[in-house]
Enquirer: 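Below: one structure in structure tokens.
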Amino acid sequence: MRGYVGVTDGDWYRFLADRPDVSAAEVNFWRPGGGRGFHALAEGEPFFFKTHAPHNRVVGGGFYSGFAALRMSEAWQMFGLANGVASLNEMRTRIARYRREPIAPSEDPEIGCVFVRDVTFFPDGMAYDPPPGFALNIVQGKSYDMADVRVSRYFGDLLQLVLGKAIEIDFSQPWHKAGPVFGDPRLAPYRLGQQSFQAVVLEAYHGHCAITQTKIRPVLQAAHIRPVTEGGEHRLDNGLLLRSDVHTMFDRGYLAIDDNYRLLVSPRLRGEFGNGERFYAKAGEVIELPDRKIDRPQREFLQWHIDMVFKAS
């Protein structure tokens with residue numbers, strides 16, 4: 001299992017630590033320089049927050065939920081106070097403080113958004129020293145193999161503090177395998193937070209509707225293939241990026257995707273509404289898909305939707 005220690009802005013940390021109702025679910029650990037990606041962790045692995053020197057203490061942590069490059073306004077719309085600021089104007093000011101070039105009044109810069117769910121901030125008296133080998137000149141953060149004997153005890157104590165309970169931990173096991181530590185629902189592999197689900201689906205589909213290829217962001221929505229109310233989860237392979245009207249038709253069973261990622265169109269679309277020719281013209285075509293196979297819709301979820309929702313006749 002890997003862990004990551006990210007260097008945090010003290011104002012960001014204090015704002016969220018003072019608002020546990022905001023931070024407990026999910027936060028946006030934003031990076032002002034844009035979307036270079038974040039590949040240090042897999043979804044569900046631990047992410048810890050360390051303040052800048054001279055404070056230089058680990059002050060909390062949670063579990064990595066995904067990454068997306070978003071416009072500043074999009075990040076505010078999706079996460080609001082969970083961005084660690086009180087307003088969009090304050091967010092603009094904070095981002096400008098760290099960027100080399102000033103932000104023009106009309107500019108909506110792209111920022112890198114690292115999402116962390118199930119966050120815990122420690123009381124002041126319980127903040128930790130940085131982990132071994134964490135140099136003061138590290139600007140963004142550092143990843144660790146938590147099975148390394150030089151750091152395993154340190155991260156074991158730290159993770160139990162994040163979880164708020166004593167558990168048996170075996171860091172030598174791959175993070176996604178079953179075991180005592182993964183009995184905790186906060187460590188469920190692949191599960192995203194509610195807000196990061198939207199952002200990560202938008203990123204994976206490159207801002208295009210999977211069926212119509214529409215790329216007008218205000219009308220695009222992250223759709224669950226198997227809804228959370230029906231036992232689904234916020235996870236990328238249970239998601240599709242769809243235009244809002246297409247999302248409605250998918251949820252109501254007029255559209256579906258087969259296990260070869262081809263579009264299915266219900267005959268009831270024509271029968272009930274005398275319409276839908278543009279969708280019938282696309283029937284049988286392969287939809288737009290994420291680049292990585294692991295991010296593509298899981299066939300189990302697609303089959304559930306066909307069996308339980310799609311109006312096949």
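Here, residue 1 is the first one in the sequence, and each next residue gets the next number.
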Enquirer: Taking the six-membered ring for Trp, are the ring centroids of Phe301 and His224 within less than 6.0 Å of each other?
Expert: no

Enquirer: Using modelled atom types and a 3.5 Å cut-off, is there a donor and acceptor pairing between side-chain atoms of Glu203 and backbone atoms of Val200?
Expert: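 Side chain of Glu203 to backbone of Val200, a donor-acceptor pair under 3.5 Å: no, none is there.
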
Enquirer: Is NZ or CZ of Arg19 both nearer than 6.0 Å to the six-membered ring centre of Phe15 and within 45° of the ring axis?
Expert: yes

Enquirer: Indicate whether any N or O donor in one side chain lies under 3.5 Å from an N or O acceptor in the other, for Ser65 and Glu43.
Expert: no

Enquirer: Using 4.0 Å as the upper bound for N to carboxylate O, is an ion pair formed by Asp245 and Arg278?
Expert: yes

Enquirer: Please confirm whether the backbone N or O of Thr214 pairs with a side-chain atom of Thr212, one donor and one acceptor, at under 3.5 Å?
Expert: yes

Enquirer: According to the interplanar angle, ranging from 0 to 90°, do the rings of His52 and Tyr98 count as parallel (below 30°), tilted (30 to 60°) or perpendicular (above 60°)?
Expert: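 Aromatic pair His52/Tyr98 classed parallel.
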
Enquirer: With side chain to side chain donor-acceptor pair (under 3.5 Å) as the test, pick out the partner of Asp237 among Lys293, Gln298, Arg296.
Expert: Gln298

Enquirer: Please determine whether the number of non-hydrogen atoms from other residues, nucleotides or ligands lying under 6.0 Å from atom CZ of Arg299 exceeds 12.
Expert: yes

Enquirer: Is a donor on one side and an acceptor on the other found under 3.5 Å between the side chain of Arg57 and the backbone of Ala127?
Expert: yes

Enquirer: I'd like to know if Arg270 and Glu277 make a salt bridge, using a cut-off of under 4.0 Å between side-chain N and carboxylate O.
Expert: yes

Enquirer: Check the side chains of Arg2 and Ser143 for a donor-acceptor pair under 3.5 angstrom, ignoring hydrogens and angles.
Expert: yes

Enquirer: So, does Ser266 use its side chain to make a donor-acceptor pair with the main chain of Lys311 at under 3.5 Å?
Expert: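 Yes; at least one donor-acceptor contact below 3.5 Å.
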
Enquirer: Does Arg150, at its CZ atom, have more than 12 non-hydrogen atoms belonging to other residues, nucleotides or ligands within less than 6.0 Å?
Expert: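 Counting neighbours around CZ of Arg150, 12 or fewer heavy atoms of other residues, nucleotides or ligands fall under 6.0 Å, so no.
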
Enquirer: Between Glu230 and Pro227 (side chain of the first, backbone of the second, donor and acceptor by atom type, cut-off under 3.5 Å), is there such a pair?
Expert: no

Enquirer: Kindly check if the number of other-residue, nucleotide or ligand heavy atoms within 6.0 Å of CG (Asp124) is above 12?
Expert: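 No, not enclosed.
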
Enquirer: Looking at Val114, is its backbone amide N or carbonyl O close enough to the side chain of Trp30 to form a donor-acceptor pair, meaning the two atoms are under 3.5 Å apart?
Expert: no

Enquirer: Centroid-to-centroid, Phe49 to Phe121, below 6.0 Å?
Expert: yes

Enquirer: Tell me if the centroids of the rings in Phe115 and Phe29 come within less than 6.0 Å of each other.
Expert: no

Enquirer: Quick test of your reading of the model: are Arg97 and Asp11 salt-bridged, counting only N-O distances below 4.0 Å?
Expert: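 Judged by the 4.0 Å cut-off on N to carboxylate O distance, Arg97 and Asp11 do form a salt bridge.
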
Enquirer: Above 12 or not: heavy atoms from other molecules or residues under 6.0 Å from CD of Gln77?
Expert: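 Open: at most 12 neighbouring heavy atoms sit under 6.0 Å from CD of Gln77.
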
Enquirer: How about Phe48 and Tyr128: are their ring centroids closer than 6.0 Å?
Expert: no

Enquirer: Side chain of Asn28, backbone of Cys113: donor and acceptor closer than 3.5 Å?
Expert: no

Enquirer: Does Arg217 pair with Glu74 as a salt bridge, N-O distance under 4.0 Å?
Expert: yes

Enquirer: Cut-off 3.5 Å, side chains only: do Gln221 and His247 have a donor facing an acceptor?
Expert: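 Their side chains do contain a donor-acceptor pair, which is all the 3.5 Å distance test asks for.
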
Enquirer: Looking at Tyr4, I'd like to know if the NZ or CZ of Lys142 sits under 6.0 Å from its six-membered ring centre while staying within 45 degrees of the ring's axis.
Expert: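 Not satisfied by the 6.0 Å and 45° rule.
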
